[in-house]
Amino acid sequence: MRMWFVCRFCCPAAQSNSNPEWEAKVLEYFKGQLREKESHSWVPSLNDVPLHYLKPNSLVKFRCLVQDMFDPEFYMGVYETVDPSTKANVLRCGKYKDVTECGVDLNSRNTVTAERQTFYCVPIPGESPWAKEISFLSAARVVPSTSYVPSRQKRSYEEDDDDMDTQPQKQREPHTGGKFGTVNEPHGNGDSKRQETEAPSSQTTAPSDCSSHLDLNFPLPGERGPACLVKVYEGLDSFKLNDTLEIYGILSVNPVLTVLGEEKDPSLLLLNPTESMETPEEQRAHDPPASLVPRLHMLYARPLQHNNPLLPSAPTEDQSAFVSSFLVEMASVRAELLAYLTHVLLGDGLAAEYLLLHLISNVYTRRDVLPLGKFTLNLSGCPLNSYTERLYQIVQQLVPCSYRLSMSLHTMNSMRLVPKKDYVANRLVSGALQLARNTSLFLDETQLEQGQLDSSGVRNITALGNLISWQKVDYDFSYHQMEFPCNINVLVTSEGRSLLPSDCQVPLQPQVTPPNMEEYLTTIHMAQFTSQINKFRVYLSLARTLDYSISDEVTKAVEDDFVDMRKDDPQSVTAEDLHRMLVVARLLSLSLGQTTLSRDGWMRAKHIDMLRRSRTEQQKSLNGNEP
Amino acid sequence: MDRSKISTPTLRCFVETGPDHLCILPSEVDMSSPLMYGTPSSRVEGTPRSGVGGTPARQRPDLGSIRKAPQVDLHSEPPSADGAVASEQALGQKLVIWGTDVNVGTCKEKFQRFLQRFIDPTSNEDENAGLDLNEPLYMQKLEEISVVGEPVLNVNCSHVQSFDADLYRQLISYPQEVIPTFDMAVNELFFERFPDSILEHQIQVRPYNALKTRNMRSLNPEDIDQMITISGMVIRTSQLIPEMQEAFFQCQVCAFSTCVEVDRGRIAEPAVCRNCNTTHSLALIHNRSAFSDKQMIKVQESPDDMPAGQTPHTTIVYAHNDLVDKVQPGDRINITGIYRAVPMRENPRQSNVKSVYKTHIDVIHFRKTDEKRLHGLDEDSDQKLFTEERVQILKELASKPDVYDRLSSALAPSIYEHEDIKKGILLQLFGGTRKDFSQTGRGNFRAEVNILLCGDPGTSKSQLLQYVFNLVPRGQYTSGKGSSAVGLTAYVMKDPETKQLVLQTGALVLSDNGICCIDEFDKMSDSTRSVLHEVMEQQTLSIAKAGIICQLNARTSVLAAANPVESQWNPKKTTIENIQLPHTLLSRFDLIFLMLDPQDEAYDRRLAHHLVALYYQSEEQIEEEFLDMAVLKDYIAYARTYINPRLNEEASQALIEAYVDMRKIGSGRGMVSAYPRQLESLIRLAEAHAKVRFSDKVETIDVEEAKRLHREALKQSATDPRTGFVDISIITTGMSATARKRKEEVAQALKKMIQSKGKTPAMKYQQLFDDLRGQSEAAITKDMFEEALRALADEDYLTVTGKTVRLL
């Protein structure tokens, strides 16, 4: 809890200025503190706590995706102020702050200019409701509840979140209350009361208005949550666009930021050229009101390997212990999950097997342009009438991040999939394909009807094709395109073969035909206990992170096998097939918790691939005209 | 500075007092009027310092219109610096401009010496074309100024650096002080030499190519107020901004007038009239105030400078006076200017301010990097700078005897085998030597190598294309299915903002000096393909659209991939029959490769091993095995820029022999087996191979390899499936010689048959076919029959109408 005092902590250091390493020390201190067990869960999270309950200039964390990177900016790292009454000069520190103290002496020789960069961060797009809920609750569990539970606060909470929630309200109060209580009282900083009274008023402006006049630039439509301007001071090169990070930093919501932005009178601009260079659009994008888009001065950021709250997030000893304990269970969880998916896929065991493999696939490396490990699944022959929608809901329950793109003609023609640079506002306008790593993208092709794709529709389809084949998205910078590699699991559901490329097509063969599909799926879903579902969730996230290797011996066997297969029928087995079988073998082994490929594993992979192929061939001969 | 006098009635727009409310909005004056910004005729003399020889000096807002407070000091003004010089001579002391270590006198002297003495015999800049390289370069330029009358002297900073490193350092560190000194020096020198020349204003020195900073990303607080050069692309330009340099005030009571200069972006309005002592009687007269032109330009860093996974940075640039409107959005430029940071203005109504500076660059010099595309010739525009060590590494690599094999195996390591194809692509990446025969009327010779890959689906053709596209800096990747002729060439578009017609270039023009990868070449529509004819031989694109008629350079290599018409390659058919492309287009490819599934066990085994290895080898192992992609990139860029091999005597003999041999092969069987196009291909390939070796001479080994590769490609693509011989006419005429012979035979047989039937003016189609089939010993298909009929119809022997055949 001492951490919160950052700003006060750095200013005296700057004044003495004799110790240039103080900055490094500050960082060390915080990193050290956060490394301590569970200490990071004491820090309130912007994801969970509404902005007006957070204290300005306190330490907060934010789980987010870097949506855009703005130009670097120069700021007064150290500056001098003059007290108008005493004429005394005081050196002050400008780091981790947006606004200077009064009476800056602009002509001071002691001014030090420093550089920082601003990232525009949004909550991880498509984060499943269960992931949000669990991370929220786990935070609440750690913070000890105190007696400080203002009744007013409770009510405003309910008002605030009433439309989105499934979670019990009761558990929230102690959590937030606890934070304010423990933080405020020891330092005698008693504005918690004032804050509380102010809360309702700020709340009325914030959530309702933000959508109307300010586009927060979320990649996916219908997203909510705070967007944040993160000021980054160190290690600028280590961050990339679309990184998912957990950022620890100092919250700044100084109202001055807003006033500065709005005060501009157009007539002033002509005279003062330095201010005329920003268009109003740019102003809006880069200096939104701090009450809507808070500023966060980054102290420390942890890249997230996954955003599954059920798994330990940092690659520490804890995690390896966790992994090894779970490995034992893996095979049994797999069997249960397979059974569950088989039910969901109307009794089709093979399709369930493939779906499972798809869910744990991951681009683990790239060889020049070739992404390895991707496994795009095309589930063809899906029953119509909202089956796919239901299927998506079930997938969403299992993975921490997902998005369903209904490929109706209208959506394809009108939706912006590829992010585009808006040079007027000087920002990257997001698109639905700006997703975090390992997001499950569910393309619902059953929604596609006959009709004409216009040019943007064609571009969108091309973008999806590129995404599937090369795992990259070409962002549109209007004068040129820029390629951003991605790692997205694409699942295509379609009636016939998909018009998009895929690594593997499985025609669904329903074994049961329930009279009421909705009811059938709901029953299956309800039959699972939450603990069971949680196990599945952990399983899927964990299987993806395991290492994998092939021994020389098995390599040899695989080679022999391939040669034999080609001998029998060179037309039907190509290099592409080998590629796919190797991926299937890898995923199959990982799904069983095995980190090396065994002969059996290879044979099994070959076997299910055979089954699948015979099925597609069957389909082909049935339909006749399919290529 | 341009002063404008307009005869419109005097306007009073300015009323309020106090510096912070100074609000000047000439709303009633027509801003777009050209009068507003001073045509030369409306210019008035009378700036405070009159130049040497009566030529007026012109203010340089690029050097100091907005000054950061700590730098501003009275002594830094050049006029007072003159005083400093005088006192220095008197006192014998070393006086410097306040805040710097610049001594005006020495600095001036040094620069004059530089101008008078600097010779750069190795210069190859196009600005210096036509100058005598053994004479002092800048003196020739001054002479040019006296003739042309354009009072701007561009100075290459690297010249200054090589002449006097200390002067260069001062120039970079204190441009605001040093450049005016340079101006004085050059004007003194100029008017001494050419006392009678009349210039519009005094000569301004515009340094460029400051080596300090190259990349927008590396700008940091230390560069503030220093001279920098960065490269980037213009993304937005603003309207012209008239910036007030001098305000003209007139007393409303006694008509007394006074001028006030702008100081740090503000004008201190005189509160009291000095003449009649009336307070607040002075009014600003707009059209007697002096304005200078200014334009805000946004520049984005070029894609090549960016680390992967980050978004490009942008910088704001201000252009002043004649640099306004010099660049358009989309231009790639090098900017030399002074980097500025301005604190957010303090507002008295607010106690605290945002602690952020606004940064921008005041331009001194623009240099368009893609400008040369218009006049052709050299391509040092996108010259990459190689460090000494890098060049050393590259040269070491080049000296290895197996460099050719090394490089080709480093190409797309994830794709298995196809060694010859990779070698072909490697040579394509290097390209031949550009030759210019325009004097003899043949125009440019194509130096680019075009390659077509055809073969079964799923033989990683697309992957190879993707790889090449990622490897070369100016690559374009299109798919035949999705591209139109317009998308490949250029289209005319109305700019939404300016309502101007602008030419938007397509993939082929964009990949000028690069490689255009076209996937699914066979799926391309005929009209689209037809534009390729011109590009692939003449290397230009002619456009006649919406009143714009022009010819653009498209010196691009084409790497295309095509699938067979039937889903599988039919080995019984020729290449043309398999891919159904017009032979006119095919003959423009230097190399046509087949990527077929070899279907043999040893190959399968190696392939399997390769693929499996792909999946389990770690990053490091792969890197050990193969050359780094970055090294390969640099290697190619270096060779393309610096190596221009020429044929030596032996090599040309070898080429001649090779060509004669090729022609001989065919002549034995009564067919032509090589055309001059093939000879040209051989020359290009040999040159490219010499480039791979970093050799300035094309030697016999290069010719040997070119021959081998060419033969291999021919063997694959031009083998007549009926005879098993290599037959170039398959590609040049679309039909093998044997097939043609056969066609003729059938036609003759048919003719004979009809003649034997005597005088029957009309015959049934079907019956004729049956008769012919019965008569001939070889099987005759309907296609062959129809072809024979067509041949006879061409001879005007018969006509076919519906189902009847009539003799003529």
Side-chain angles (χ1 to χ4, degrees), chain A residues 68-69 71-76 94 97-102 104 106-107 109 113-115 237 240-241 256 260 267-268 270-274 276-277 365 367-370 372 423 426 428 458 462 470 477 479-480 482 484 549-550 555 558-559 562-563 566-567 570 574-576 578-579 582 586, chain B residues 22-25 66 69-70 220-221 224 233 235-236 241 243 265 294 296 298 303 307 309-314 316 330 341-343 345-346 350-359 412-414 458 460 463 466-467 470 482 597 599 601 604-605 607-609 611-612 614-616 619 622 629:
Chain A
D68 195 3
M69 295 164 137
D71 294 329
E73 62 186 20
F74 293 169
Y75 67 99
M76 295 179 225
K97 283 183 169 186
D98 281 309
V99 175
T100 58
E101 310 277 324
C102 347
V104 180
L106 289 175
N107 296 336
R109 309 225 105 211
T113 310
E115 191 179 7
D237 291 338
K240 292 205 162 102
L241 201 72
V256 176
L260 278 178
S267 58
L268 267 175
L270 262 182
L271 235 203
N272 194 339
T274 53
S276 69
M277 45 203 178
T365 184
R367 289 278 176 267
D368 40 70
V369 292
L370 190 73
L372 294 182
Y423 283 114
N426 196 13
L428 190 65
V458 172
T462 317
W470 309 108
F477 278 78
Y479 301 97
H480 59 97
M482 211 162 11
F484 285 88
S549 63
I550 307 177
T555 307
V558 170
E559 284 168 32
F562 179 69
V563 173
R566 297 258 312 167
K567 229 187 258 165
T574 61
E576 222 169 298
L578 183 60
H579 263 293
L582 283 166
R586 174 191 147 90
Chain B
L22 191 73
C23 148
I24 298 163
L25 188 66
I66 305 145
N220 62 41
I224 291 175
M233 189 171 66
I235 53 170
R236 231 156 65 80
I241 307 164
E243 193 183 40
K294 179 168 166 177
M296 191 264 285
K298 275 212 164 165
Q310 302 210 349
T311 56
H313 288 177
T314 53
I316 291 163
V342 187
R345 204 145 64 100
E346 212 175 344
Q350 261 171 359
S351 51
N352 37 19
V353 292
K354 243 172 135 178
S355 59
V356 179
Y357 292 98
K358 295 259 166 190
T359 53
S414 66
S460 50
Q463 209 183 314
Q466 276 281 341
Y467 182 87
N470 279 305
D597 216 334
Q599 300 180 2
E601 196 183 315
D604 290 347
R605 181 167 299 281
L607 175 66
H609 183 78
L611 289 184
V612 178
L614 208 63
Y615 278 86
Y616 77 84
E619 265 332 300
I622 296 285
M629 192 156 157

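Please read all numbers here as calculations on a predicted model, not as lab measurements. We name chains A, B, ... by the order of the sequence lines, and we start the count at 1 in each one.
One finds the OG1 atom of T311(B) at 7.0 Å from the CG atom of L428(A) (value rounded to the nearest 0.5 Å).
Using a 4.5 Å cut-off between heavy atoms, M482(A) contacts chain B through its side chain alone, with no backbone atom that close.
Heavy-atom minimum distance, P221(B) versus F74(A): N-CZ, 3.6 Å. The minimum heavy-atom distance linking Q310(B) with D237(A) is given by the pair NE2-O, 3.5 Å.
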side-chain contact (heavy atoms from CB on, under 4.5 Å) evaluation trace for W470(A) with Q466(B): CA-CA 9 Å; W470(A) 309 108; Q466(B) 276 281 341; 3.3 Å; yes
